[in-house]
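Here is the structure we will look at.
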Amino acid sequence: MGRAAEMTGTTAGFLRALGEHRLITPLRSDGGHRRYSHYQLRIAMRARDLVDQGTPIEAACRIVILEDQLEEALRLNEQLRRPPADAPPPADT
C-alpha cells in the first residue's frame, strides 16, 4: 500500500478511504497485502485531483464512478455503431 500511495501521490489513509467509498477494491496477496492494478491507481489519481481541487471525497468518488460509466457507455455505443466485419457493403442508391 505504501508503494501505491507513493505512486499516486497520496497517503495510505487516502487509498483506504477510496476503498471505504467503494471506488477501488484492491486484491489481496497471500500475506494480506493490498495489490492495486494500474487501472485502480489511475482512478485513485483522478480522485486525488478532484479532492485537491476542493471536492469532498464522497463526491469525488461518485464523480469518478460516473465518469468511468460514461466512458464505458460511449465505448460500447461506438462498438455497436460499427458494422460487423463480415457484413456486406452498403448498396449504392
Side-chain angles (χ1 to χ4, degrees):
M1 178 175 260
R3 179 75 177 120
E6 181 182 308
M7 291 172 65
T8 58
T10 64
T11 63
F14 183 80
L15 292 175
R16 277 192 291 279
L18 296 181
E20 290 169 9
H21 289 93
R22 296 188 188 107
L23 181 61
I24 55 176
T25 305
L27 297 175
R28 296 282 185 151
S29 70
D30 291 338
H33 298 283
R34 290 175 177 89
R35 301 286 181 172
Y36 295 92
S37 68
H38 291 288
Y39 171 76
Q40 290 172 327
L41 295 176
R42 259 195 339 267
I43 293 290
M45 287 187 284
R46 175 65 181 131
R48 184 208 61 217
D49 290 343
L50 289 168
V51 170
D52 287 350
Q53 294 172 20
T55 305
I57 193 166
E58 299 85 7
C61 289
R62 186 70 182 138
I63 289 167
V64 172
I65 289 168
L66 291 170
E67 287 175 342
D68 195 49
Q69 289 173 346
L70 175 60
E71 184 179 319
E72 177 66 9
L74 292 172
R75 186 188 65 75
L76 288 172
N77 194 16
E78 180 61 31
Q79 202 174 39
L80 292 171
R81 289 178 188 252
R82 282 189 228 128
D86 59 351
D92 290 333
T93 55

message: Count I, L, V, M, F, W, Y as connected when their side-chain heavy atoms are under 4.5 Å apart, and connections chain through other members. Are Met45 and Tyr39 then in the same cluster?
response: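 No, because Met45 and Tyr39 fall into different hydrophobic clusters, even though each may have its own neighbours under 4.5 Å.
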query: Is there a chain of hydrophobic side chains (I, L, V, M, F, W, Y, each step under 4.5 Å between heavy atoms) that links Leu76 to Leu70?
result: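 In one cluster with Leu76: Leu70, no.
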Donor-acceptor list for residues 48-58 side chains, cut-off 3.5 Å, not counting sequence neighbours:
residue	atom	partner	partner atom	Å
Arg48	NH1	Thr8	O	2.1
Thr55	OG1	Leu50	O	3.2

Give, for atom [atom1] of [X] and atom [atom2] of [Y], the distance between the pair rounded to the nearest 0.5 Å.
X     : Y     : atom1 : atom2 : value
Leu66 : Glu71 : CG    : CD    : 13.0 Å
Met1  : Thr11 : CE    : OG1   : 9.0 Å
Arg42 : Ile24 : CZ    : CD1   : 12.5 Å
Ile63 : Arg46 : CD1   : CZ    : 7.5 Å
Gln40 : Leu23 : CD    : CG    : 9.0 Å
Thr25 : Leu18 : OG1   : CG    : 10.5 Å

Determine the minimum heavy-atom distance between [X] and [Y], stating which atoms define it.
X     : Y     : result
Tyr36 : Ala4  : CD1-CB, 3.5 Å
Ala5  : Ala12 : CB-N, 3.7 Å
His21 : Cys61 : CB-SG, 3.7 Å
Met7  : Leu41 : CE-CD1, 3.7 Å

- request: Could you tell me whether Glu6 and Arg3 make a salt bridge, using a distance below 4.0 angstrom between a side-chain N and a carboxylate O?
  value: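 A salt bridge is present here (some side-chain N lies under 4.0 Å from a carboxylate O).
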query: CZ of Arg81: more than 12 outside heavy atoms within 6.0 angstrom?
result: no
field: Side chain to side chain, Glu72 and Asp68, heavy atoms closer than 4.5 Å
entry: no
- prompt: Is any side-chain heavy atom of Arg28 closer than 4.5 Å to a side-chain heavy atom of Arg34?
  reply: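 Yes. Closest side-chain heavy atoms under 4.5 Å.
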